[in-house]
Trainee: 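I am attaching a structure below and will ask some questions about it afterwards.
Reminder, nothing fancy here: chain letters follow the sequence lines and each chain counts from 1.
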There are 2 protein chains.
Amino acid sequence: MSLYDSEKGLIFKPKFDSNGLLSAIITDVKDGQLLMVGFMNQQAIDKTLDSNIVHFYSRSRQKLWMKGEASGHILNVIDIRIDCDQDALWIIANPEGPTCHTGVKSCFYRRVKNGVAKMNSLEMIE
Amino acid sequence: MSLYDSEKGLIFKPKFDSNGLLSAIITDVKDGQLLMVGFMNQQAIDKTLDSNIVHFYSRSRQKLWMKGEASGHILNVIDIRIDCDQDALWIIANPEGPTCHTGVKSCFYRRVKNGVAKMNSLEMIE
């Protein structure tokens with residue numbers, strides 16, 4: 001195994017898509033729940049590593065943003081992991097307040113109802 | 001609240017990016033561990049809902065694929081959730097065998113070493 005192999009090695013070399021982005025998945029250190037998914041460019045990764053607070057790149061606003069910069073509901077970084085081909089980051093975080101901008105803990109508050117998917121229905125998760 | 005509101009309503013209306021894709025995050029129903037992250041187009045969502053086996057769209061191969069179609073290491077769908085703006089799916093799955101093509105359970109087997117990030121180093125997670 002070479003240190004320089006991107007899959008098995010130990011060199012951090014994020015692989016960005018054609019827009020210069022990769023996926024960042026945020027889970028809660030306390031209970032493991034999936035909180036949100038965003039995108040990062042190199043600058044967002046650098047800011048996150050420097051500050052230990054999660055930063056994303058907003059595709060809609062086309063700018064860097066610190067999650068919680070307006071609401072105060074920041075995500076403190078506990079651990080960062082990267083996947084085999086280095087195009088996705090998993091950040092285990094300690095959230096301050098609800099993560100979703102709708103005011104709930106996780107952005108994933110609805111279930112796709114199984115078996116009736118063709119009726120396109122969701123249900124709230126308690 | 002309107003049923004038709006994309007954030008609070010109960011209509012499943014996935015929001016795809018300019019390439020027709022959204023993020024799909026896979027966790028293990030048994031222990032909650034993050035297994036892998038992929039992308040889905042409408043066809044991958046339809047196939048996943050119809051078969052209860054996770055299908056992705058491969059950006060590199062530019063085609064639909066059933067995870068495990070070659071290895072047999074499929075992901076059986078247990079539950080599907082969608083985020084506030086409906087551009088990411090969280091699939092809770094029961095994996096058959098290791099999920100990562102490298103032969104380990106999760107694709108996220110390396111940690112970005114905190115504090116020495118500028119040295120670009122990773123470490124294996126036991």
Trainee: Among residues 24-32 of chain B, which residues come closer than 4.5 Å to chain A, judged by heavy atom distances?
Mentor: I25(B)

Trainee: For the hydrophobic clusters of this structure (ILVMFWY residues joined by side-chain heavy atoms under 4.5 Å, transitively), does one cluster hold both I45(B) and W65(B)?
Mentor: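 I45(B) and W65(B): one cluster.
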
Trainee: Which of the residues M36(A), R81(A), R59(A) is involved in the greatest number of heavy-atom pairs with chain B at under 4.5 angstrom?
Mentor: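 Between M36(A), R81(A), R59(A), the count favours R81(A).
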
Trainee: I want to check something: taking the side chain as every heavy atom from C-beta on, are T102(A) and E7(B) in contact at a cut-off of under 4.5 Å?
Mentor: yes

Trainee: From I91(B) CD1 over to L34(A) CG, what is the distance, rounded to the nearest 0.5 angstrom?
Mentor: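 It is 11.5 Å, given to the nearest 0.5 Å.
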
Trainee: Any chance you could lay out the salt bridge (Lys or Arg N to Asp or Glu O under 4.0 Å) test for K113(B) and D79(A), step after step, and finish with the verdict?
Mentor: CA-CA 8 Å; K113(B) 284 169 90 170; D79(A) 201 10; over 6 Å; no

Trainee: Which pair of heavy atoms, one from F108(A) and one from L89(B), lies closest together, and at what distance?
Mentor: CE2-C, 4.0 Å

Trainee: Answer with side chain, backbone, both or neither: which region of S23(B) has an atom nearer than 4.5 Å to a non-hydrogen atom of chain A?
Mentor: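 Answer is side chain: those atoms of S23(B) sit under 4.5 Å from chain A.
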
Trainee: Treating Ile, Leu, Val, Met, Phe, Trp and Tyr as nodes and any side-chain heavy-atom pair under 4.5 angstrom as an edge, say whether F39(B) and L21(A) lie in one connected cluster.
Mentor: no

Trainee: In the single-linkage hydrophobic clustering (I, L, V, M, F, W, Y; side-chain heavy atoms under 4.5 Å), do I74(A) and V77(A) co-cluster?
Mentor: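 Different hydrophobic clusters.
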
Trainee: S106(B), A88(B), C84(B): which one forms the most heavy-atom pairs within less than 4.5 Å of chain A?
Mentor: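 When all of S106(B), A88(B), C84(B) are compared, C84(B) has the most.
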
Trainee: Grab the two heavy atoms, one from R110(B) and one from L10(A), that are nearest each other, plus how far apart they are.
Mentor: CD-CD2, 4.4 Å

Trainee: Quick one: do W90(B) and Y57(B) end up in the same hydrophobic cluster if we chain Ile, Leu, Val, Met, Phe, Trp and Tyr together by side-chain heavy atoms under 4.5 Å apart?
Mentor: no

Trainee: Between atom CG of N19(A) and atom CG of D17(B), what is the distance when rounded to the nearest 0.5 Å?
Mentor: 8.0 Å

Trainee: Is it possible for you to say whether V37(B) and I92(B) belong to one hydrophobic cluster, with membership spreading through side-chain heavy-atom contacts below 4.5 Å?
Mentor: yes

